[in-house]
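First up is the structure itself, then whatever we jot down about it.
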Amino acid sequence: MQTYVALLYSIILGEVRRVVMADLKAMAEGLGLRNVRTLVATGNLVFEAERTATAALEKRLEAAFETAFDRHVDIIVRGAGDWQKLASRNPFPTESEEAGDQVAVRVMRKPVAEDVLSGLQAYAAEDEKVLLIGGDIWLVFSRERPSSRLLAAANHKRLGIGTSRNWNTVRKLAEMVGA
């Protein structure tokens with residue numbers, strides 16, 4: 001058995017469309033996934049399954065989600081080892097320690113090309129940072145401004161399928177899949 005992390009993109013779109021984590025867990029268990037756990041109400045699953053290609057798991061989960069909740073949601077799956085590697089490569093440890101909710105990683109289905117980075121940096125405020133590590137985009141958002149142009153620029157249209165999680169969530173998921 002292998003442990004996996006699944007991240008759902010934007011499942012909270014208002015009260016009418018909210019997904020209850022117990023229902024999400026039941027959906028995953030209905031696929032035969034084992035030891036299914038959720039973390040916070042933003043679409044984070046940890047589960048065990050036979051060793052399978054992550055792309056195949058993504059397709060199975062997306063199809064089951066669409067059947068269960070009547071809409072498509074992109075789902076990114078990483079193996080436990082890959083998730084641990086992602087967490088260990090956090091390029092902003094000081095900022096993460098000071099304000100874990102202001103540091104995020106956009107976890108990508110397909111690695112982002114290096115040339116995308118300069119386009120994103122153009123949207124960063126003076127107190128914001130952006131780095132590309134292993135095909136995923138790490139960001140430090142401003143504490144001074146309630147809205148960030150950088151956050152708006154790091155979207156599906158510009159970058160491809162991906163979803164963001166703040167450092168607090170990344171760390172807790174790493175703890176959940178850790179040995």
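All residue numbers refer to positions in the sequence shown, counting from 1. The figures that follow rest on heavy atoms only: side chains count, while hydrogens, waters and symmetry mates do not.
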Do you know the tightest heavy-atom contact between [X] and [Y]?
| X | Y | result |
| --- | --- | --- |
| Lys25 | Val36 | CE-O, 3.0 Å |
| Met176 | Leu39 | SD-CB, 3.9 Å |
| Asn166 | Gly100 | CB-O, 3.7 Å |
| Gly79 | Thr54 | N-CG2, 4.2 Å |
| Ile76 | Gly162 | CD1-CA, 4.2 Å |
| Leu24 | Phe69 | N-CZ, 4.0 Å |

(request) Evaluate side-chain contact (heavy atoms from CB on, under 4.5 Å) for Val19 paired with Val73, printing each intermediate quantity in order. (result) CA-CA 11 Å; Val19 174; Val73 168; over 6 Å; no
(message) Between Lys172 and Thr169, is the side-chain contact (heavy atoms from CB on, under 4.5 Å) condition met? List the steps.
(response) CA-CA 5 Å; Lys172 287 176 186 169; Thr169 300; 5.8 Å; no
Inter-residue atom distance [X].[atom1] - [Y].[atom2], 0.5 Å rounding:
| X | Y | atom1 | atom2 | value |
| --- | --- | --- | --- | --- |
| Phe47 | Leu57 | CZ | CG | 5.0 Å |
| Thr163 | Asn44 | OG1 | CG | 8.5 Å |
| Thr3 | Arg34 | OG1 | CZ | 11.5 Å |
| Phe141 | Glu128 | CZ | CD | 6.5 Å |
| Arg106 | Leu139 | CZ | CG | 9.0 Å |
| Thr52 | Gln2 | OG1 | CD | 8.5 Å |

(request) Kindly state each residue pair satisfying side-chain hydrogen bond (donor to acceptor under 3.5 Å, both in side chains) with at least one member in residues 114-124, sequence neighbours excluded. (result) Tyr123-Arg158
Considering only heavy atoms from C-beta outward, does the side chain of [X] approach that of [Y] to under 4.5 Å?
| X | Y | value |
| --- | --- | --- |
| Leu61 | Val77 | yes |
| Val103 | Glu98 | no |
| Glu50 | Met1 | yes |

(request) Over 60° means perpendicular and under 30° means parallel, so classify the ring planes of Trp167 and Trp138, tilted if in between. (result) tilted
Check: [X] side chain, [Y] main-chain N or O, donor-acceptor pair, under 3.5 Å:
| X | Y | answer |
| --- | --- | --- |
| Arg60 | Leu31 | yes |
| Arg37 | Asn35 | yes |
| Arg109 | Ile75 | yes |
| Asp74 | Tyr9 | no |
| Arg78 | Trp83 | no |

(request) Please check if Val20 and Val40 belong to a single hydrophobic cluster, counting links between Ile, Leu, Val, Met, Phe, Trp and Tyr side chain heavy atoms closer than 4.5 Å. (result) no
(request) Starting from the C-alpha separation in whole Å, work towards a yes-or-no answer on side-chain contact (heavy atoms from CB on, under 4.5 Å) for Leu132 and Val116. (result) CA-CA 9 Å; Leu132 183 63; Val116 171; over 6 Å; no
(request) Taking salt bridge (Lys or Arg N to Asp or Glu O under 4.0 Å) as the test, write out the residues that go with Asp82, two or more places apart. (result) none
(message) Before you tell me yes or no, could you show the steps for Glu97 and Thr94 under side-chain contact (heavy atoms from CB on, under 4.5 Å), namely the whole-Å CA-CA distance, both residues' side-chain angles and the distance that decides it to 0.1 Å?
(response) CA-CA 5 Å; Glu97 187 68 31; Thr94 301; 5.9 Å; no
